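Order of the sequence lines sets the chain letters (A, B, ...), proteins ahead of strands, with each chain counted from 1. None of these values were measured; they are calculated from a predicted model. Note that these values count all heavy atoms, side chains included, but never hydrogens, waters or copies made by symmetry.
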2 protein chains.
Amino acid sequence: MNLKIATEIGKCLSNQTRFQIMEWLKEPEKNFPPHETLKHFNDGVCVTYIQEKAGLSQSTISTYLTNMEKCGLLISTRHGKWSYLKRNEETIKQFTDFLK
Amino acid sequence: MNLKIATEIGKCLSNQTRFQIMEWLKEPEKNFPPHETLKHFNDGVCVTYIQEKAGLSQSTISTYLTNMEKCGLLISTRHGKWSYLKRNEETIKQFTDFLK
DNA sequence: CAAATATATCTATAATTCTCGATATATAAA
DNA sequence: TTTATATATCGAGAATTATAGATATATTTG
């Protein structure tokens with residue numbers, strides 16, 4: 001972890017919707033409906049579910065998630081036409097350790 | 001810790017200077033000259049020293065520090081005409097626990 | 001291959017944040 | 001009580017971020 005990445009993570013965490021996404025992804029089963037195709041949450045939650053829950057436009061949420069992945073807060077996995085997002089616990093730990 | 005305060009902390013941590021102040025204040029003795037009047041760092045570091053180290057204007061740093069105190073990242077203590085700032089480890093822990 | 005679906009990117013305007021100089025306030029020193 | 005010093009607040013223009021609609025790309029399905 002370095003200062004630049006840490007502040008990029010800070011930017012992602014400076015917005016309530018983005019912070020909430022991090023919270024929601026702690027418990028996908030509790031916060032999202034089951035995936036019809038993918039029968040599990042091993043790789044996280046698809047963009048559409050996150051977008052619907054957040055109530056913002058598709059492009060806005062897509063931008064959020066892309067940036068959150070770029071700074072390492074999220075891990076993105078493609079399965080066919082869907083992108084699934086999950087928390088990157090390793091980076092999260094590096095960030096909190098850096099601050100503490 | 002709640003979502004609103006957490007995102008306010010995120011805003012403070014979204015800027016390299018502000019994040020660095022948090023880092024500098026981990027080790028005042030190492031990062032700042034000794035205080036002439038106050039002989040210790042028990043209450044942290046005075047605004048002027050932080051301002052000089054950061055290299056930004058007095059008003060900018062004062063605003064930074066005020067906001068960092070408002071969201072609980074820093075604790076401010078007045079001694080005469082000086083304000084001393086130190087990290088608020090309790091809030092920092094609450095924030096990192098909230099994210100994890 | 002055409003149509004449908006999911007996601008990503010582009011572009012532009014609105015909103016917010018950055019940063020400073022000017023000024024105000026509080027305290028100490030002369 | 002005037003002057004000096006440290007910090008806080010105000011006001012404004014510059015810079016950045018927010019957000020959406022339009023469009024592009026990728027993948028699946030018929």
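- With rounding to whole Å, A/Y49 atom OH is found 14 Å from C/dT5 atom C1'.
- For the pair A/N67 CG and C/dA8 P, the interatomic distance rounds to 11 Å; values are reported in whole Å.
- A/L38 has its CG atom 15 Å from the C1' atom of D/dT28, to the nearest Å.
- Aromatic ring pairs are classed by plane angle as parallel below 30°, tilted from 30° to 60° and perpendicular above 60°; the pair A/F32 and A/Y49 is parallel.
- For A/Q58 against D/dA20, no side-chain N or O and base N or O form a donor-acceptor pair under 3.5 Å.
- The residue from B/T96, B/T91, B/D97 that alone fulfils the side chain to side chain donor-acceptor pair (under 3.5 Å) condition with B/K93 is B/D97.
- Across the protein-nucleic acid pair, B/M68 atom CE and C/dC18 atom P stand 12 Å apart, rounded to whole Å.
- Each of A/G55 and B/K70 lies near DNA chain D, and the nucleotide nearest B/K70 is the one positioned closer to the 5' end.
- Nearest-nucleotide positions on DNA chain C place A/S83 closer to the 5' end than the other of B/T60 and A/S83.
- With respect to A/E8 and A/K11, no salt bridge is recorded, no charged nitrogen being found less than 4.0 Å from a carboxylate O.
- Counting only heavy atoms from C-beta on, A/K81 has its side chain closest to C/dA6 among D/dA6, C/dT9, C/dA6.
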Check: Under the side-chain contact (heavy atoms from CB on, under 4.5 Å) criterion, do B/I92 and B/R87 qualify, and how do the steps go?
Finding: CA-CA 8 Å; B/I92 293 167; B/R87 290 163 53 97; 3.5 Å; yes
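- For B/Y64, taking side-chain heavy atoms from C-beta onward, the closest of the listed nucleotides D/dT19, D/dA8, C/dT19 is C/dT19.
- The listed nucleotides are D/dC10, D/dT7, C/dT7; the one nearest the side chain of B/S59 is D/dC10.
- Atom CD1 in A/I61 sits about 13 Å away from atom C1' in C/dT7, given to the nearest Å.
- Counting to the nearest Å, the P atom of D/dA18 and the CZ atom of A/F19 are 15 Å from each other.
- With DNA chain D read from its 5' end, the first of the two nearest nucleotides for B/W82 and A/L56 is the one closest to B/W82.
- Spacing between atom CD of A/E52 and atom P of C/dT7 amounts to 10 Å, rounded to whole angstrom units.
- The aromatic rings of A/F19 and B/F95 sit perpendicular to each other, their planes meeting at more than 60°, with 30° as the lower class boundary.
- With C/dA8, D/dA18, C/dT19 as the candidates, the nucleotide lying closest to the side chain of B/N15 is C/dT19.
- Across the protein-nucleic acid pair, A/R78 atom CZ and C/dA8 atom C1' stand 8 Å apart, rounded to whole Å.
- Checking D/dA18, C/dC18, C/dT9 against the side-chain heavy atoms of B/R18 singles out C/dC18 as nearest.
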